[in-house]
Amino acid sequence: MRLTDAERAENREALARMNLLQRLDHIFEYYKFPLVLVLIAVVAAGSVLYYRLTRKEALLYVAYANISVGDTLDSALSEDYPRAIGADPGKCEVRLYRNLYLSQDATVQNHEYAYASQLKVMASMANRQLDVVLMNREAYDILSAGGYLMPLEGFLKGELSGRTAGRLVSNTVILSDNDIEHRLDESIPYRAETEEVANAILISAFPLFAQADFSGDVYLGVVGNSERTEAVLQYIDYLTSPPQDSAA
């Protein structure tokens with residue numbers, strides 16, 4: 001309802017007689033809803049601005065599957081890499097998926113964790129936000145069988161191909177099978193068409209990983225639908241290069 005001229009004049013006189021605290025209380029009482037909306041808008045705009053100013057570009061996405069990585073190696077795999085290639089660590093980063101657990105024979109206690117990890121890996125692949133997986137043999141067998149890993153012969157070139165040639169590992173890739181029918185009726189024998197593909201590097205054989213004290217071999221695989229293949233090649237080159245002489 002609109003106020004009359006007399007009512008507006010009366011309000012101005014009443015406001016003029018108030019002290020500062022009374023005026024602030026009056027303004028808040030009558031305008032608190034618009035003020036709250038303005039405050040929400042300011043906070044939202046500030047959050048968006050802060051996110052844009054502080055968000056780092058992803059150089060590539062790396063997952064640890066079924067392996068535990070200590071702080072020193074973790075830093076080398078993530079924080080040290082941008083510096084090694086001359087990039088600004090304040091503006092770009094390697095994004096890590098840590099503590100993933102992949103297993104076909106998970107215990108009751110670990111089943112939900114394994115299922116959640118599998119969903120995370122599948123979602124990351126679907127969103128093209130997973131490029132490299134560092135994993136133990138069990139995780140490697142699972143990802144290889146599913147056809148998720150890129151064949152590395154022909155992908156690794158030049159000096160990098162020569163450096164990793166003796167460390168390439170082949171594994172089984174299932175081209176087709178009757179897994180669904182077999183699960184529904186175990187009287188139906190399981191059948192699969194497979195091939196052996198060189199789709200991983202025995203990465204724990206390289207100096208960067210020598211002091212990590214892994215309980216078994218660690219493999220590096222490249223996700224088949226990675227959109228950052230040049231960055232992946234550069235990352236593998238970094239991981240497999242001989243250590244630099246600190247005195248040089």
Side-chain angles (χ1 to χ4, degrees), residues 51 54-85 87-146 148-150 169 171 199-229 231-241:
Y51 176 78
T54 59
R55 179 175 172 81
K56 297 181 180 181
E57 175 189 358
L59 294 172
L60 72 167
Y61 297 81
V62 178
Y64 302 159
N66 299 14
I67 62 171
S68 177
V69 176
D71 292 341
T72 301
L73 180 57
D74 186 81
S75 295
L77 296 173
S78 55
E79 298 170 9
D80 296 348
Y81 174 64
R83 300 186 188 95
I85 62 173
D88 184 354
K91 295 182 179 180
C92 55
E93 64 181 351
V94 175
R95 294 190 186 161
L96 297 176
Y97 301 104
R98 298 179 175 91
N99 303 319
L100 297 178
Y101 175 61
L102 301 178
S103 177
Q104 297 284 23
D105 300 309
T107 63
V108 174
Q109 293 84 353
N110 291 333
H111 179 74
E112 290 186 3
Y113 185 26
Y115 182 68
S117 294
Q118 182 179 355
L119 289 180
K120 188 169 186 177
V121 169
M122 296 301 104
S124 300
M125 290 182 183
N127 292 327
R128 306 297 178 95
Q129 292 183 337
L130 183 56
D131 304 297
V132 172
V133 183
L134 301 173
M135 54 201 160
N136 74 348
R137 183 71 198 201
E138 182 181 19
Y140 173 35
D141 289 343
I142 292 171
L143 294 177
S144 176
Y148 299 115
L149 302 179
M150 179 186 299
V169 183
N171 206 339
N199 54 10
I201 301 170
L202 182 60
I203 200 69
S204 53
F206 289 89
L208 181 62
F209 297 81
Q211 304 302 318
D213 194 28
F214 291 113
S215 59
D217 293 332
V218 175
Y219 304 87
L220 180 150
V222 180
V223 174
N225 68 345
S226 171
E227 295 181 333
R228 288 163 284 272
T229 53
V232 168
L233 287 170
Q234 194 171 30
Y235 190 63
I236 295 174
D237 181 65
Y238 163 76
L239 298 182
T240 59
S241 293

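By convention here, the first residue in the shown sequence is residue 1. Values reported hereafter were calculated over all heavy atoms of this structure, with side chains retained and with hydrogens, waters and symmetry mates removed.
- Contact detail for Val223 and Met150: the closest heavy-atom pair is O-CE, 3.8 Å.
- Counting heavy atoms from C-beta on, the side chains of Asp74 and Tyr64 come closer than 4.5 Å.
- Val69 places none of its side-chain heavy atoms less than 4.5 Å from the side chain of Leu96.
- Pairing each heavy atom of Ala87 with each of Cys92, the nearest pair is CB-SG, 3.5 Å.
- Put simply, the side chain of Asp217 does not reach to within 4.5 Å of the side chain of Val169, judged on heavy atoms.
- Between Val94 and Val132, every side-chain heavy-atom pair lies at or beyond the 4.5 Å cut-off.
- Inter-residue side-chain proximity for Leu59 and Ile85 is flagged as met; some heavy-atom pair is nearer than 4.5 Å.
- In this model, no donor atom of one side chain and acceptor atom of the other lie less than 3.5 Å apart for Tyr140 and Asn66.
- For Ser117, the side-chain contact (heavy atoms from CB on, under 4.5 Å) criterion is met by Leu100, Tyr101, Leu102, Tyr113, not counting sequence neighbours.
- Closest approach of Glu93 and Pro82 over heavy atoms only: CA-CG, 4.4 Å.
- Across all non-hydrogen atoms, the minimal contact from Glu227 to Arg128 is OE2-NH1, 3.2 Å.
- Asn127 CG: more than 12 foreign heavy atoms inside a 6.0 Å radius.
- Annotation: side chain of Asp80 is in contact with side chain of Tyr238 (closest heavy-atom distance under 4.5 Å).
- Between Tyr81 and Tyr235, the ring-plane angle classifies as perpendicular under the 30° and 60° cut-offs.
- Shown here is Asp88, whose CG atom has more than 12 heavy atoms of other residues, nucleotides or ligands within 6.0 Å.
- Between Ser124 and Lys120, the shortest heavy-atom distance links the atoms OG-O, 2.8 Å.
- Inter-residue side-chain proximity for Phe209 and Ile203 is flagged as met; some heavy-atom pair is nearer than 4.5 Å.
- Side-chain N or O atoms of Lys91 include none that pairs as donor or acceptor with a backbone N or O of Glu57 at under 3.5 Å.
- Using modelled atom types, no side-chain atom of Asn199 and backbone atom of Ser144 make a donor-acceptor pair closer than 3.5 Å.
- Counting only heavy atoms from C-beta outward, the side chains of Phe206 and Ile201 approach each other to under 4.5 Å.
- The two residues Lys56 and Pro89 come nearest to each other via the heavy atoms NZ-O, 3.1 Å.
- Judged by distance alone, with hydrogens and angles left aside, the side-chain atoms of Ser204 form a donor-acceptor pair with the main-chain N or O of Val218 at under 3.5 Å.
- Asp141 and Asn171 share a donor-acceptor pair across their side chains, judged by distance under 3.5 Å alone.
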